[in-house]
Amino acid sequence: MPQKLAELAHCRAGDKGDTLTLSLCALRAEDYPRLAAQVTPARVRAHLAGIVKGEVRRYELPELHALQFVCEQALAGGVTASLALDAHGKTLSYALLELELDDRD
Amino acid sequence: MATIEAKTLRIGAGAGFQGDRIDPAVVLASQGGLDYMVLECLAERTIAAAQLRRLHEPGTGFDPLLEARMEALLPFVARSGLRIVTNMGAADPLGAAKVTIAVARRLGLRVKVAAVTGDDVLRLVKPGMTALETGRPLREHGKLVCANAYLGAEALLPALASGANVVITGRVADPSLFVAPLVHEFGWALDDWDHLARGTVVGHLLECAGQVTGGYFADPGAKDVPDLAHLGFPFADVDTEGFGTISKVPGTGGAVTLRTVKEQLLYEVTDPTGYVTPDVTADFRGVRLAEVGPDRVAVGGATGRARTETLKASVGYLAGWRGEGEITYAGANARARAALAAAVLRERLHEAVPELELRIDHIGVDSAHRSSFGHAYDPYEVRLRVAGSADRRAIAERIGWEVEALLTNGPAGGGGVRRSVAERIGIVSTLLPRAKVAAEVTLLQSRYAAKAR
């Protein structure tokens, strides 16, 4: 059964100019290795293809059982230039949690 | 030595953004046993908006909630020795200090207020300098209206040494507002990178106030937060080594757990291996968290590297106007009627202004994420939103008018129209040599009001 990231992790979004940060934290420490293995920058980039136009970098924080994604060109030019209703991209944490994981690992 | 080593400082966060709630700050001031309260009220764009306000109407460049917050909190300053550090000065720290003195006089309180200035660097910023975000010269973005450098903890030290009860600044890096009292009280050297990094982590955890105590965290069934309605604001007990324990006043709503602290620790951090502030470059990879009691999380383990030789400055420019309009369609075929309205609007607006940049959203369908990730369904109602940008106000206003005109010129059953137009300020950043930016302190003092004698 595919499993949504929402069942395994919690997330908060942040913004700096046109850059979006997505902090993904495992709900249970034992799930962290699976998150680290499956939630790759490439998968996040593909999942958010309609939103993120630039590079996605990932930082691993094993002590915190967390992954930090830094997405460039993700906020339609940033708070000022963006015509989006959610110009800060605050709701995008829940877009990431829609990602479906498969049964591997 | 023993007594010095045992010393801890309790710093609370009484506001985490410009419009933050005041009641939790009063609870914190009255029951929190704080040494310092920081009120962080300035976002990237807030200071530009304040600058613009000041251009239009002199004497309005500070935070619009300054008086309300000071009226609520100054009595505790006068009574218990609590010290307040705040960036509510925004574009006019000196003006904010004068207003604070006026509030104190009105309340019959004696306070000493220090205004820290020097972050306004418009005269140092040249139009030929490069914008970090775009790599293009500043002048190509639009008419420059303001430039504010991010000052660090160092700029606040003379104000704290003066004995002022309230320190009011303009642009200061958020964590630095918390690091300054730590440096002042514990005498940390300004090149003691590990201590500064640990203090920075504590400051970063506190700077958004309720966001570390369970605010912006609750998700019913998945992440429940008790009594969110009475969310308490946080404080940290910090020791002389910079290790802190995050907590809140017992009896307040919310929660301080590993989960709430982790979300805030990484919030807006674009490089956890090198978080740059004016004080230090902090590495978060070694950060350790531990639940040490109910609603108590200990934090430590950050390491630091030398601060940068430059300071970041936010530069604001005039970016034209934004016009918006919204209308709701509900009931059978609502989605199709909204789509028809969108097509009609596009045609009408582009026939009138061919170059107009438009964004059309179907709220309730896919406005937030440009996708509904497989949640396919037919919503009962859709709110259509149209937004566009223009150089001239008259063109921006036309967008909302056309939405309103759908009432008699569009599809069936539209209602609840709202329209707005707003001037836009763009923000880009540039770097300035640290030595060029000089902070200054001005002291003001209120005496007892006549009736209080």
Side-chain angles (χ1 to χ4, degrees), chain A residues 4 6-7 9-27 29 47-52 57 59-73 76-100, chain B residues 43-45 48 132-134 208 211 216-217 219 222-223 258-273 284-289 301 316-317 319 322 324 326 357-361 363 366-375 385-389 424-429:
Chain A
K4 282 214 168 152
E7 294 170 42
H10 56 115
C11 186
R12 178 171 292 182
D15 68 289
K16 282 272 183 243
D18 200 13
T19 303
L20 166 73
T21 63
L22 294 168
S23 311
L24 189 73
C25 310
L27 284 166
H47 177 66
L48 300 177
I51 299 161
V52 177
R57 291 192 307 280
Y59 296 91
E60 295 174 27
L61 297 145
E63 286 293 333
L64 303 172
H65 310 114
L67 298 169
Q68 181 81 338
F69 294 92
V70 181
C71 312
E72 305 291 350
Q73 297 169 57
V79 173
T80 313
S82 172
L83 290 174
L85 199 51
D86 174 20
H88 294 88
K90 308 279 289 185
T91 68
L92 292 171
S93 49
Y94 279 82
L96 180 59
L97 293 178
E98 286 292 321
L99 183 74
E100 282 194 346
Chain B
E44 224 172 18
R45 269 196 324 166
L132 293 178
E133 290 83 357
T134 60
C208 296
Q211 273 202 170
Y216 208 61
F217 178 85
D219 189 344
K223 296 188 295 172
L258 288 180
R259 287 179 180 178
T260 67
V261 174
K262 278 183 201 176
E263 281 198 17
Q264 187 55 29
L265 178 68
L266 296 173
Y267 178 66
E268 290 185 337
V269 174
T270 54
D271 183 356
T273 71
F284 286 15
R285 281 173 293 185
V287 170
R288 305 282 193 278
L289 305 174
Y317 59 92
R322 184 187 60 237
E324 285 184 76
E326 293 183 11
E357 187 197 344
L358 281 183
R359 171 168 170 140
I360 300 189
D361 289 311
I363 297 172
D366 59 1
S367 70
H369 298 161
R370 290 304 210 195
S371 164
S372 56
F373 296 104
H375 290 252
R385 170 182 178 266
V386 184
S389 57
R424 305 208 300 172
I425 301 173
I427 298 284
V428 286
S429 310

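Below, read A as the first sequence line, B as the second, and so on, with proteins coming before strands; counting in each chain starts at 1.
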*Show the numbers, then the answer: is there a side-chain contact (heavy atoms from CB on, under 4.5 Å) between Arg359(B) and Val386(B)?*
CA-CA 6 Å; Arg359(B) 171 168 170 140; Val386(B) 184; over 6 Å; no
*So what's closer than 4.5 Å to chain B heavy atoms on Ala13(A): side chain, backbone, both or neither?*
backbone
*Pair Lys4(A)-Leu97(A), side-chain contact (heavy atoms from CB on, under 4.5 Å): steps then yes or no*: CA-CA 7 Å; Lys4(A) 282 214 168 152; Leu97(A) 293 178; over 6 Å; no
*Contact class of Phe69(A) relative to chain B, heavy atoms under 4.5 angstrom*: neither
_Which portion of Leu83(A) sits near chain B, non-hydrogen atoms under 4.5 angstrom_ = both
*Under a 4.0 Å N-O cut-off, is there an ion pair linking Glu72(A) with Arg57(A)?*
yes
*Residue part contacting chain B, namely of Cys71(A), when any heavy atom lies under 4.5 Å*: neither
*Work out which heavy atom in Ser371(B) is nearest to a heavy atom in Asp366(B); give both atom names and the distance.*
N-CB, 3.9 Å
*Where on Leu258(B) is there a heavy atom nearer than 4.5 Å to chain A: the side chain, the backbone, both, or neither?*
neither
*Between Glu357(B), Lys262(B), Arg370(B), Glu44(B), which has the largest tally of heavy atom pairs under 4.5 Å with chain A?*
Lys262(B)
_I'd like to know which of Gly388(B), Ala48(B), Gly374(B), Ala319(B) tops the heavy-atom pair count under 4.5 Å against chain A._
Gly388(B)
_Leading residue by heavy atom contact count with chain B [cutoff under 4.5 Å; candidates Thr19(A), Leu61(A), Leu64(A)]_ = Leu64(A)
_Arg288(B) bridged to Glu63(A) by N-O distance under 4.0 Å_ = yes
*With side chains defined as the heavy atoms from C-beta onward, is the minimum distance between Leu266(B) and Arg12(A) less than 4.5 Å?*
no
*Sort Leu85(A) into side chain, backbone, both or neither according to what part of it lies under 4.5 angstrom from a heavy atom of chain B.*
both
*With a 4.5 Å cut-off on heavy-atom pairs, point out which of Asp219(B), Leu132(B), Leu289(B), Asp361(B) contacts chain A the most.*
Asp219(B)
*Who are the salt bridge (charged side-chain N to carboxylate O under 4.0 Å, His left out) partners of Glu133(B), not counting sequence neighbours?*
none
*asked:* Among Lys16(A), Lys90(A), Glu60(A), which residue has the highest count of heavy-atom pairs closer than 4.5 Å to chain B?
replied: Lys90(A)
*May I ask you to test the Cys208(B)-Gln264(B) pair for a side-chain heavy-atom distance under 4.5 Å?*
yes
*Which residues satisfy the ring pair (Phe, Tyr, Trp, His ring centres under 6.0 Å) test with His47(A), sequence neighbours excluded?*
Phe373(B)
*Against chain B, label Ala95(A) side chain, backbone, both or neither, depending on which of its atoms sit under 4.5 Å from a heavy atom there.*
both
_Using a 4.5 angstrom heavy-atom cutoff, name the option from Ile51(A), Asp86(A), Leu48(A), Thr21(A) with the most pairs to chain B._
Thr21(A)
*asked:* As an exercise, state the distance from CD of Glu263(B) to OG of Ser93(A), rounded to the nearest 0.5 Å.
replied: 8.0 Å
_Atom group of Arg385(B) that falls short of 4.5 Å from chain A, counting heavy atoms_ = side chain
*Which bit of Thr270(B) comes within less than 4.5 Å of chain A, counting heavy atoms only: side chain, backbone, both or neither?*
both
_Atom group of Val261(B) that falls short of 4.5 Å from chain A, counting heavy atoms_ = neither
_So for Arg285(B), is it side chain, backbone, both, or neither that comes closer than 4.5 Å to the heavy atoms of chain A?_
both
*Could you check which of Cys11(A), Gly89(A), Gly50(A) has the highest count of heavy-atom pairs closer than 4.5 Å to chain B?*
Cys11(A)
*Determine whether the side chains of Glu98(A) and His375(B) contain a donor N or O and an acceptor N or O closer than 3.5 Å.*
yes
